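Input: a single structure, listed below in structure tokens.
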Amino acid sequence: MNENWRGAIARHLLLVIGPALLLGLISGEYAWAIVIGLCAYLSWNIRQLLRLHAWLRDRQPDEPPPESTGLWGEVLDSIYHLQRRDQRARDRLQAVIDRAQESTAALRDAVIMLDRDGSLEWWNNAAETLLGLKMPQDVGQSISNLVRNPRFKEYFDQGNYRDALEMPSPVDDNRRLHVQITQYGNADHLMVVRDVTRLHQLEQMRKDFVANVSHELRTPLTVIAGYLETLLDNGQGMNPRWQRALQQMQQQGARMQNLLNDLLLLARLEATDYPSDNQPVAIDLLLLAIKNDAQALSAGHNHRITLDADPHLKLKGSDAELRSAFSNLVFNAVKYTPDEGTIAIRWWGDEQGAHFSVSDSGIGIEAKHIPRLTERFYRVDSARASSSGGTGLGLAIVKHVLLRHRARLEIISIPGKGSTFTCHFPARQVVQRG
Ligand code: ADP
């Protein structure tokens, strides 16, 4: 190539100098003839440069560069080859993008790409059906302006996408969507939305079934318990064996009633996302009442129960639900702590929010059981649990109440030493009392 360029330059100079010398020979003005020749050569070069500049400035995509001869021809040819190579690479890349887009477009799950601020960049067809997004007018719009659901906005803004979100579809209330967000690249978001209406309906059927059965069983059980009580009240002179049997029936009947009450409470907690009575609750007073009940429960076991609660700290939520959750935790501490043990109840606040904890010096729980404790009917030791009269639903109720108050439960326990159950409430649920 270098050789070609040199040859081209030499040829051009000869073409300029030859006629200039001839002109000099004719006119006798060699110097002027050479100056005129060089000026002509320079103006030709400038013209080529201007053509290249005009092409670079105004060219249509894929328009080839202008043609020329000599050195300029070589330069423009090289540009043309570069342009072709670039074009082929672009075509290959476009084919890959097209394939990726075609395959995601065919997905039944919605795939949506958002930038770091949550503005829409790209989505597939399913996103139009499930979320009602419209191409192209919605490109660049903020997702929380289009998916108008307070829980979605809260989920998107908090930036912690470890758990998925379930919500109704913005286009059809009967459809249930499962939303999962993943962050990638430069804090961009990839949102995958699945239609889980069928699963949700099955889950709803299960909940309704449990709630209905519990409700239906309540009346016959109340009648049986009532007759048992009457029989025992009038049991003077009854065979002691029968009396014992009746007493046991009454005990088990009471257990079944507790169980049904807990199942109905759980069904109620599951029916809505957040409590309807979202009022500031004076937790210190609530805990004082629970402490007194715990003392009554512990009668004869000599537990030392202490309460340390910040009276200025209120919590937004449902008084009844919080009472139920906190008393479950405190009563468990009483049930699972041997005589003379200590139980410390605390309620305090810091920058993260407010915290409620119950520490006991009880039997403790092995680490392998801790992740499963909040499952319904999960028991560490079924023999001991049934003797303590528990329903196995206490911690499941605690978990649901906490979820409804945007809180989480932390359990730390050492077998033989004791356990600490802590409920962490976010700052937005807390109200400071003057
Ligand atoms: P239960 O009605 O059986 O107490 P829960 O859901 O309240 O049901 O508790 C589940 C299990 O967790 C209990 O069976 C018990 O083994 C264990 N547990 C709960 N609280 C404590 C505690 N403070 N100390 C030791 N074990 C506990």
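First listed ligand is number 1; within each ligand, the first listed atom is number 1. Note that the structure is a prediction, hence the values are computed from the model and not measured. In this chain, residues are counted from 1 in sequence order.
Comparing L373, T337, T420 by heavy-atom distance to atom 12 (O) of ligand 1, the nearest is L373. Around atom 16 (O) of ligand 1, the closest heavy atom drawn from L329, V380, I411 belongs to V380. Here the shortest heavy-atom distance to atom 1 (P) of ligand 1, taken over G392, S359, G364, belongs to G392. Considering T374, D262, N332 only, the shortest heavy-atom separation from atom 20 (N) of ligand 1 involves N332.
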- [ ] Walk me through it: do F356 and F421 pass the test ring-ring contact (aromatic ring centres under 6.0 Å, His included)?
- [x] CA-CA 8 Å; F356 162 80; F421 288 73; over 10 Å; no
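How far OG1 of T129 is from CG of N124: 8.0 Å, rounded to the nearest 0.5 Å.
Short contacts between ligand 1 and Y378, defined as distances under 4.0 Å to a heavy atom of the residue, involve ligand atoms 10 (C), 11 (C). Residue G394 approaches ligand 1 through these ligand atoms, each under 4.0 Å from one of its heavy atoms: 5 (P), 6 (O), 7 (O).
Side-chain contact check for Q257 and N261: no donor-acceptor pair (N or O, by modelled atom type) lies under 3.5 Å. When only modelled atom types and interatomic distance are considered, Q183 and H189 share a side-chain donor-acceptor pair under 3.5 Å. Using modelled atom types, one finds a donor on one side chain and an acceptor on the other under 3.5 Å when comparing R51 with Q48.
With Y155 contributing its side chain and Q180 its backbone, the two residues share no donor-acceptor pair below 3.5 Å.
Residue L395 has at least one N or O atom closer than 3.5 Å to an N or O atom of ligand 1.
Residue contacts with ligand 1 leave out G362, since none of its heavy atoms falls under 4.0 Å from the ligand. Ligand 1 is approached by K335 to a heavy-atom distance shorter than 4.0 Å.
A 4.5 Å side-chain heavy-atom check between H424 and Q352 finds every atom pair outside the cut-off.
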